[in-house]
Number of protein chains: 2
Amino acid sequence: MPAHASAGLAEYERSCEGHPGGPEAGRMIREVLDRVGDKWSLLVVATLGDDVLRFSDLLRHIPGISQRMLTLTLRQLERDGLVIRTAYAEVPPRVEYRLTALGATFVEIAHTIAQWAIANHSTIEQSRAEYDAR
Amino acid sequence: MPAHASAGLAEYERSCEGHPGGPEAGRMIREVLDRVGDKWSLLVVATLGDDVLRFSDLLRHIPGISQRMLTLTLRQLERDGLVIRTAYAEVPPRVEYRLTALGATFVEIAHTIAQWAIANHSTIEQSRAEYDAR
DNA sequence: CGGAATCCCTTGGGATACTG
DNA sequence: CAGTATCCCAAGGGATTCCG
C-alpha cells in the first residue's frame, strides 16, 4: 500500500497505473461498499465474528433489523463468499451461519470501523451541533 | 479493543457492559455507517486524502458522482467535522476542500477498505459466479 | 465556478401475512 | 424455526435548469 499513510486516492491511483488492479480502485471500492456498506451487512458480519449463530440468534443480536432484511443480507453475504449457511434437515428446522475465511478477514475491518466509531462518536455529535447552531 | 482480533460483536458488547461507550456499539456503528457508508462519502474522503481540491477537481476525480451528490456529500462531511470548506471571495468563485484532522484519521480506514477491496475483488466475483451457476 | 432548486423515477426497507 | 410473498411508503439519487 501507499508509503504515505494518508496519501490521496488520486495519488494512489496514479501509482497503480499499468499494473494489475489498475486504476480501477474507485470502482472496486464502490463495489465493495455496495455490498458491505449497506444498512446491515457490516453489522451482520461483525455480529457473527467467530461465532456460529442461528437465524433467530442474529435476529436477536442485531436490534432493529427486520426478518426480511436479515434474510436478504445473509443471502448476499453467502453469494459473495463471506458467510456459510448450513441447514440441518430436522424438524423444526435449524440453520446455522458462520463466516468463511474471507469473511473473517473482513471482521478486522469491521472492528477498525467500530473502534473509530466509538472513539469519535461524541466529537462528531458535537461538530454537528455546532454546525447546526450557525 | 478485543484481545482476540476476530471476536464477535456480541462478545465485544458483553465486555463493554457498564462502562462508557457502553453496549451501544451496534448503534454507533450504524450511525457512522449512515454517514460514511453511503454511496459517496468514503470515496470523497479517500479522494481528498491530504490534498486540497476544488469542487470541480473532486467532480473529475470521482467518476460517476453527480454534481448534486457531491454537494450534498461535502455538506454532510463538513457538518460532521471531517472536511473543511474554504470559499474565496473571487470572481469566478473558488472553493477548496480539505480534510480536518479527524477526517485524516478516517482516511486510514478508507485505505484499509480499499486495500481489502482490491485484494479480494476477484475472489468475490468468482464466488458470485459460482453461486449464480447453481 | 460552484452551487441551489425542481422533477421524477428507482430502490430500500418496514409491516404484515402465509408456509414447509 | 426459518424463511417466502406482498404491499406500500419514504428515501436516495440522477438529469436538468436556473442563479450569484
Side-chain angles (χ1 to χ4, degrees), chain A residues 26-27 29-45 47-48 51-80 83-98 131-132 134, chain B residues 26-27 29-45 47-48 51-80 83-98 131-132 134:
Chain A
R27 210 201 71 228
I29 294 175
R30 290 267 40 263
E31 283 181 18
V32 166
L33 251 62
D34 280 341
R35 175 69 28 249
V36 87
D38 66 28
K39 200 170 178 182
W40 300 112
S41 291
L42 193 141
L43 221 44
V44 168
V45 170
T47 301
L48 273 174
D51 298 333
V52 176
L53 299 176
R54 303 180 56 163
F55 187 85
S56 48
D57 291 332
L58 287 166
L59 211 50
R60 262 195 312 280
H61 278 78
I62 306 175
I65 197 170
S66 66
Q67 200 179 47
R68 169 191 156 84
M69 289 318 294
L70 180 55
T71 301
L72 292 179
T73 302
L74 285 168
R75 289 287 176 278
Q76 293 298 320
L77 292 173
E78 189 192 1
R79 185 169 108 101
D80 289 351
V83 157
I84 292 177
R85 186 191 119 112
T86 315
Y88 297 90
E90 305 172 357
V91 42
R94 177 167 55 105
V95 181
E96 290 179 346
Y97 293 92
R98 60 196 162 87
Y131 185 94
D132 294 344
R134 315 179 305 166
Chain B
R27 210 202 70 229
I29 294 175
R30 292 268 39 265
E31 284 181 17
V32 167
L33 250 63
D34 281 341
R35 174 70 26 251
V36 89
D38 67 29
K39 202 171 179 184
W40 301 111
S41 291
L42 194 140
L43 220 45
V44 168
V45 171
T47 301
L48 273 175
D51 297 332
V52 176
L53 299 177
R54 300 179 59 163
F55 187 85
S56 48
D57 291 333
L58 287 166
L59 211 49
R60 263 195 312 278
H61 278 77
I62 306 175
I65 198 170
S66 64
Q67 199 180 51
R68 168 191 157 85
M69 289 317 295
L70 180 55
T71 301
L72 292 179
T73 302
L74 285 169
R75 288 288 174 278
Q76 294 298 320
L77 292 173
E78 188 192 0
R79 183 169 108 102
D80 289 351
V83 158
I84 293 177
R85 186 191 118 111
T86 313
Y88 297 90
E90 304 171 358
V91 44
R94 176 167 55 105
V95 180
E96 291 180 346
Y97 294 92
R98 59 194 163 89
Y131 185 94
D132 294 343
R134 314 179 307 167

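Quick note on labels: first sequence line is chain A, next is B, and so on, each numbered from 1.
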With 3.5 Å as the limit, what N/O pairs link the protein to nucleotides 8-10 of chain C?
none

Any [X] side-chain nitrogen or oxygen under 4.0 Å from OP1 or OP2 of [N]:
X      : N      : result
Y97(B) : dG3(C) : yes
R85(A) : dG3(D) : yes
S56(A) : dA2(D) : yes
R54(A) : dC1(D) : no

Between CG of L74(B) and CG of L58(B), what distance do you get to the nearest 0.5 Å?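 It comes to 6.0 Å.
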Would you give the length of the straight line joining atom OG1 of T73(A) to atom CH2 of W40(A), rounded to the nearest 0.5 angstrom?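 T73(A) atom OG1 to W40(A) atom CH2 measures 8.5 Å (nearest 0.5 Å).
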Minimal non-hydrogen separation, F55(A) against L70(A), with atom names: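 Distance-wise, the nearest heavy atoms are O-CD2, 3.6 Å.
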Show the nearest heavy-atom pair for residues L53(B) and T47(B), with the distance to one decimal. CD1-O, 4.0 Å
Roughly how many Å is it from [atom1] in [X] to [atom2] in [N], rounded to a whole number?
X      : N       : atom1 : atom2 : answer
L33(A) : dG12(D) : CG    : P     : 16 Å
L59(B) : dA4(C)  : CG    : P     : 14 Å
L74(B) : dC1(C)  : CG    : P     : 17 Å
L58(B) : dG3(C)  : CG    : C1'   : 14 Å
D57(B) : dG3(C)  : CG    : P     : 12 Å
R94(A) : dG20(C) : CZ    : C1'   : 18 Å
L70(A) : dG13(C) : CG    : P     : 13 Å
E96(A) : dG3(D)  : CD    : P     : 12 Å

State whether the side chain of S41(A) and the backbone N or O of G37(A) hold a donor-acceptor pair below 3.5 Å, judged by distance alone.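 Checked: no pair found.
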Given E78(A), R54(A), R85(A), the one that forms side chain to side chain contact (heavy atoms under 4.5 Å, CB included) with Y97(A):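 Per the side chain to side chain contact (heavy atoms under 4.5 Å, CB included) rule, the option paired with Y97(A) is R85(A), out of E78(A), R54(A), R85(A).
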Please assess R60(A) against D57(A) for the test side-chain contact (heavy atoms from CB on, under 4.5 Å), listing each intermediate value before the final yes or no. CA-CA 5 Å; R60(A) 262 195 312 280; D57(A) 291 332; 2.7 Å; yes
Walk me through whether Y131(A) and D80(B) qualify under side-chain contact (heavy atoms from CB on, under 4.5 Å). CA-CA 8 Å; Y131(A) 185 94; D80(B) 289 351; over 6 Å; no
Derivation and outcome, side-chain contact (heavy atoms from CB on, under 4.5 Å), residues L43(B) and L33(A): CA-CA 10 Å; L43(B) 220 45; L33(A) 251 62; over 6 Å; no
Angle of first-five versus last-five pair axes in the helix from dC1(C)-dG20(D) to dG20(C)-dC1(D), to 10 degrees: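 One end's axis against the other's: 50°.
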Treat primed atoms plus P, OP1 and OP2 as sugar-phosphate and everything else as base, then score nucleotides 13-20 of chain D 5' to 3': B for base contact with protein heavy atoms under 4.0 Å, S for sugar-phosphate contact only, - for none. BBB----B
Check whether more than 12 heavy atoms from other residues, nucleotides or ligands sit under 6.0 Å from atom CZ of R79(B), and answer yes or no. yes
Enclosure of R98(A) CZ (heavy-atom neighbours >12, cutoff 6.0 Å): no
Over all strands shown, is Y88(A) touching base, sugar-phosphate only, or nothing at heavy-atom distances under 4.0 angstrom? nothing
Given side-chain contact (heavy atoms from CB on, under 4.5 Å), test L72(B) with M69(B) step by step and report yes or no. CA-CA 5 Å; L72(B) 292 179; M69(B) 289 317 295; 4.1 Å; yes
